[in-house]
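Report on the structure given below.
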Amino acid sequence: MKNIAVITGASSGLGVKFLKAVVHRYPQMDEYWIIARRKERMDKLAEKYKNKKVIAIEADLSDESSYEALTGRLKNEKPSVKVLINNAGYEKSGKFSDMEQKDIMNMISVNMKGMTMIQKVFLPYMQKGSYTIITCSVSSFVPVPNQTVYSATKKYVYYFGKALREELLGRGINVLLLCPGNMDTEMNPKGQRGQGQKINQLPFLNIAELTARALEKAEKGRGVYTPGIFYKSYRVVSKIFPSLWMMKLVERFY
């Protein structure tokens with residue numbers, strides 16, 4: 001039985017860095033499956049790892065047929081999933097009344113349905129010692145005006161990950177919720193102008209560092225990882241003060 005690592009949302013940003021971190025930490029893995037919509041990007045990424053077997057799998061997680069295809073592939077190959085980085089996500093900021101329907105549906109489909117079904121599809125192939133990292137967000141700590149749908153989907157992710165971890169503890173499978181703040185990615189490019197400009201006042205995280213540390217913490221059985229002192233403090237404060245007060249605070253940055 002071959003051992004594999006799986007990374008979704010692997011065509012850009014955090015997913016690309018996660019692949020690098022996984023290859024570095026687990027060079028003995030038989031295969032690394034990278035899953036995203038943009039096949040050409042994944043093919044170029046796979047070419048950078050000529051000495052490793054990086055398998056690019058095209059899948060749109062908002063499309064239910066993608067889960068059927070992945071299920072079929074797993075039944076045929078029967079791998080052992082040692083690491084699952086459940087990272088695919090979609091974010092669009094702005095007032096709910098001004099948002100386009102397709103953006104609302106994409107956030108719900110990818111962040112909630114896609115994340116959930118990826119976990120369902122791959123879980124039967126995970127054993128004791130396996131772990132999954134689910135990419136959540138600091139936006140899950142408090143309802144965020146002008147990120148109304150996104151923060152709501154990430155709250156779902158947060159509750160899902162916490163409950164799933166409890167279910168799987170007896171099987172020796174760990175679930176780590178990664179809750180980062182600002183990162184210089186396509187979803188939130190550093191220095192962008194216009195609507196997202198205010199959020200650039202908040203600290204940006206070192207993506208290479210946080211992915212490496214997330215793997216380490218997941219391996220050691222941690223349940224939640226919020227990188228950066230600023231965002232760790234925000235998580236603590238969000239538990240102390242009422243959400244109505246916190247919303248007034250965070251609204252200044254969106």
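It should be emphasised that the depicted structure is a prediction, and the values quoted were computed from it without experimental measurement.
Annotation: E40, atom CD; neighbour count of heavy atoms from other residues, nucleotides and ligands within 6.0 Å is above 12. The local environment of CG in N76 is crowded, with over 12 non-hydrogen atoms from other residues, nucleotides or ligands closer than 6.0 Å. The number of heavy atoms from other shown groups lying within 6.0 Å of CD (E166) does not exceed 12.
Listed by first and then second residue, the side chain to side chain donor-acceptor pair (under 3.5 Å) pairs that reach into residues 210-225 are R25-E219, Y26-E219, R213-Y225, E216-K220, sequence neighbours excluded.
With sequence neighbours excluded, no residue satisfies side-chain hydrogen bond (donor to acceptor under 3.5 Å, both in side chains) with K120. Shown here are the side chain to side chain contact (heavy atoms under 4.5 Å, CB included) partners of P143, two or more places apart in sequence or in another chain: S243, M247. Partners of N206 according to the side chain to side chain contact (heavy atoms under 4.5 Å, CB included) rule, which considers only residues two or more places apart in sequence or in another chain, are A208, E209. Taking the side chain to side chain contact (heavy atoms under 4.5 Å, CB included) definition, one finds that K20 meets it with Y49, sequence neighbours left out. In terms of the side-chain hydrogen bond (donor to acceptor under 3.5 Å, both in side chains) criterion, T226 has no residue partners (sequence neighbours excluded).
Aromatic ring pairs are classed by plane angle as parallel below 30°, tilted from 30° to 60° and perpendicular above 60°; the pair Y234 and F141 is tilted.
Following chains of ILVMFWY side-chain contacts shorter than 4.5 Å, one cannot reach V224 starting from L169, and the two form parts of different hydrophobic clusters. Y158 and V237 fall within a single hydrophobic cluster, where Ile, Leu, Val, Met, Phe, Trp and Tyr side chains are chained together by heavy-atom contacts under 4.5 Å. With hydrophobic clusters built from ILVMFWY side chains whose heavy atoms lie under 4.5 angstrom apart, Y67 does not share a cluster with M105.
In this structure, a donor-acceptor pair under 3.5 Å is present between the side chains of Y156 and T116.
Between the CZ atom in F160 and the CG atom in L177 there is a gap of 9.5 Å [rounded to 0.5 Å].
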